[in-house]
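First comes the structure, then the notes that go with it.
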Amino acid sequence: MSADGNQAGEVAPAQRVDIFDTTLRDGEQSPGISLNVSEKVEIAQQLARLGVDVIEAGFPITSPGDFAAVEAIARGAEGPVVCGLARTHKADIDAAWNAIKDAERPRIHTFISTSDIHITHQLQTTREDVKGQARAAVALARSYADDVEFSPMDATRADVEFTAEVCAIAVEEGATVVNIPDTVGYTTPSEYAAYFRRLYELVPELAGVRTSVHCHDDLGLAVANSYAGVLAGARQVECAVNGIGERAGNCSLEEIVMLLRTRRDAHGLDTGANTRELARTSRMVSRFTGYAVQPNKAIVGRNAFAHESGIHQDGVLKERTTYEIMDATEIGLESNSIVLGKHSGRHALRDALEQLGFKVEGNALNQAFARFKEVADRKKQVTALDLEAIVSEGVRAGGERYELAWFEVEAGSRRPPHARVAVTTPAGEEMVGDASGDGPVDAILVAIQDATGVECELREYTVSAVTEGEDALGEVTVMLRAAGRLASGQGVATDILEASARAYVRALSSALEGAAIREAEALTAGAAAEPATPGP
Ligand code: KIV
Ligand code: ZN
């Protein structure tokens with residue numbers, strides 16, 4: 001086992017496993033996640049820095065917003081293949097192609113279920129019709145793109161012989177990748193590997209295309225199943241950062257990447273990922289989605305490299321590899337040396353941001369600088385982690401409808417806390433609200449509802465420190481429901497009351513924005529026949 005020296009080096013083509021990232025498509029299907037176009041583009045740029053092979057940027061037919069995001073990513077991405085998802089319908093495939101056609105390396109991913117459960121109850125059709133739809137869809141997609149992926153959805157609960165027939169049709173029509181989804185997270189590692197072996201026997205033509213795994217985590221087996229599929233011959237893993245996705249989520253990108261890297265000695269396989277970007281990618285996705293990473297999460301959890309027991313601490317101090325199979329620096333958890341202070345100027349900030357991979361210019365730089373100054377006035381040292389939090393907050397704020405103007409709170413142990421809050425509306429009007437609450441945070445949140453006149457139901461509230469130390473920035477993430485939409489928001493400040501207010505106003509704005517977009521889309525579509533969110 002190589003506990004050290006984990007970076008990839010050269011990987012022979014046959015040993016290379018492609019990383020297909022679906023954070024922006026399957027991941028975005030998680031409840032409460034609604035990313036705006038600039039957030040999606042920022043995540044796609046970070047995925048490119050991480051070195052993923054394919055970015056599944058979205059499902060363009062589902063909404064004009066999704067289409068616009070996929071198009072923007074396709075136009076900007078340098079390096080990875082950019083993929084758009086489509087059912088086997090002509091309109092879906094046309095929309096996917098139109099959204100990705102400007103990409104350096106476009107791919108259409110089309111899917112249809114092969115399980116009888118789905119064919120009978122959801123599609124309400126026949127196996128023959130499924131074969132016909134798969135054939136027509138792959139042929140149409142290939143008439144547009146050289147790179148076409150086909151997925152027989154719910155394959156692991158389907159008859160393998162029938163799935164094989166459908167896959168053979170897809171290959172015959174020119175599919176370049178065949179993906180076998182464990183859509184409902186039902187399979188087990190040995191069963192999944194056997195499924196692949198049987199498919200290879202039944203469809204020898206699969207040897208000429210890339211096969212792929214797509215596993216959901218309903219039984220906590222997504223990574224294990226993906227690994228089993230890869231050992232059985234698949235050379236693409238579909239996964240999402242922090243394992244987000246439908247229901248229990250997808251195979252976690254960071255876990256499969258580090259499994260392949262760390263145990264390369266055991267299987268000889270590897271990916272092209274730059275693992276030093278894993279921690280930052282995880283933090284960015286967590287901030288933008290509002291989905292916190294559990295402390296004990298493998299690879300990127302706060303405690304993944306923490307040693308509590310005295311015996312372990314003693315061992316690690318003497319020799320790191322006694323209790324660590326990976327080096328935290330390989331995941332990008334080392335503390336960056338960037339430190340700015342209140343005397344640092346605009347150039348220093350821009351250089352530091354560039355070193356961190358953020359290209360911030362013009363107005364965005366002015367805004368980032370103003371925020372940086374506010375923070376630096378209250379905090380002695382502004383570190384790389386602080387800058388990352390401030391810039392992410394700026395990206396999230398883009399396009400928002402309401403902004404926190406100011407707030408004041410009276411709190412003590414002798415009477416209920418009371419808050420006054422002013423919120424600026426999109427029209428630039430300042431609205432003031434006031435309220436008492438169970439605690440100062442509660443009073444602020446209720447006062448924001450009073451100011452905006454929007455009723456919200458708070459679903460989640462988390463607070464954490466961006467760095468260690470007494471003057472650490474506090475970061476608050478809020479998930480709430482307003483105007484029928486679930487949305488999240490993030491706020492960063494040296495004062496957690498301010499961070500809470502910022503996060504709450506952002507979540508509220510984002511919910512209202514989502515509701516307005518949905519309303520406008522429904523009007524334009526004239527409540528069209530297609531369901532608003534089709535598919536997987
Ligand atoms: O889970 C699933 O089956 C999917 C497909 C679209 C690949 O997400
Ligand atoms: Zn899926």
Side-chain angles (χ1 to χ4, degrees), residues 18-31 33 54-62 66 70 81 83-89 92-93 95-96 99-100 107-119 121-123 130 133-134 137-138 141 147-158 160 162-163 166-167 170 175-187 192 195-196 199 209-223 225-226 229 234 236-253 256 531 533-536:
D18 280 357
I19 294 298
F20 174 115
D21 178 89
T22 187
T23 307
L24 297 173
R25 199 279 298 168
D26 212 318
E28 222 235 353
Q29 288 173 212
S30 318
I33 299 187
V54 185
I55 296 174
E56 186 164 54
F59 195 171
I61 189 80
T62 53
D66 224 49
V70 177
V81 168
C83 175
L85 185 66
R87 290 170 297 183
T88 46
H89 306 183
D92 283 42
I93 295 169
I100 59 163
R107 177 185 294 178
I108 298 174
H109 177 191
T110 184
F111 69 94
I112 188 163
S113 297
T114 54
S115 72
D116 289 328
I117 303 181
H118 281 205
I119 296 174
H121 301 292
Q122 189 180 17
L123 301 176
V130 166
Q133 287 198 44
V138 175
D147 191 4
V148 171
E149 173 168 337
F150 174 73
S151 290
M153 186 152 91
D154 203 21
T156 53
R157 290 192 302 164
V160 68
F162 175 63
T163 302
V166 181
C167 291
T176 46
V177 181
V178 171
N179 174 48
I180 304 300
D182 181 32
T183 303
V184 291
Y186 178 72
T187 200
Y192 198 44
Y195 198 97
F196 269 93
L199 276 183
V209 302
R210 190 162 281 264
T211 48
S212 165
V213 294
H214 179 109
C215 299
H216 280 269
D217 208 28
D218 299 66
L219 293 172
L221 288 174
V223 175
N225 287 335
S226 301
Q236 175 180 281
V237 177
E238 304 201 354
C239 47
V241 176
N242 298 337
I244 60 173
E246 277 285 347
R247 306 179 310 281
N250 283 275
C251 169
S252 144
L253 180 147
I256 192 76
T533 315

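By convention here, the first residue in the shown sequence is residue 1. As the structure lists them, so they are numbered: ligands from 1, and atoms in each ligand from 1. Keep in mind that the numbers below use all heavy atoms, side chains included, and drop hydrogens, waters and symmetry copies. In this text, all values refer to a predicted model and were calculated from it rather than measured experimentally.
Residue-ligand proximity, H216 to ligand 1, at heavy-atom distances under 4.0 Å covers atoms 1 (O). For ligand 1, the atoms closer than 4.0 angstrom to any heavy atom of M153 are 3 (O). For ligand 1, the atoms closer than 4.0 angstrom to any heavy atom of D26 are 8 (O). Each of the following atoms of ligand 1 lies closer than 4.0 Å to a heavy atom of T183: 1 (O), 2 (C), 3 (O).
Considering backbone and side-chain atoms alike, R25 places an N or O below 3.5 Å from some N or O of ligand 1. Remark: ligand 1 and H109 share no N or O pair separated by less than 3.5 Å (distance only, no angle test). Between N179 and ligand 1, no pair of N/O atoms sits closer than 3.5 Å.
At least one side-chain heavy atom of E238 sits under 4.5 Å from a side-chain heavy atom of H109. Proximity of I180 to Y192: side-chain heavy atoms (C-beta onward) are separated by under 4.5 Å at one or more points. A heavy-atom distance below 4.5 Å is not found between the side chains of D18 and V237. Between T110 and V138, the closest side-chain pair of non-hydrogen atoms falls below 4.5 Å. Contact of the L253 side chain with the I19 side chain is registered, since non-hydrogen atoms from C-beta on lie closer than 4.5 Å. Residues E149 and R210 are not in side-chain contact: their nearest non-hydrogen atoms beyond the backbone lie 4.5 Å or more apart.
Residue contacts with ligand 1, taken as heavy atom pairs separated by less than 4.0 Å, do not involve R247 at all.
In summary, an N, O or S atom of D26 is located under 2.8 Å from the Zn ion (ligand 2).
Taking the Zn ion (ligand 2) as reference, the nearest N/O/S atom within H214 carries the name NE2.
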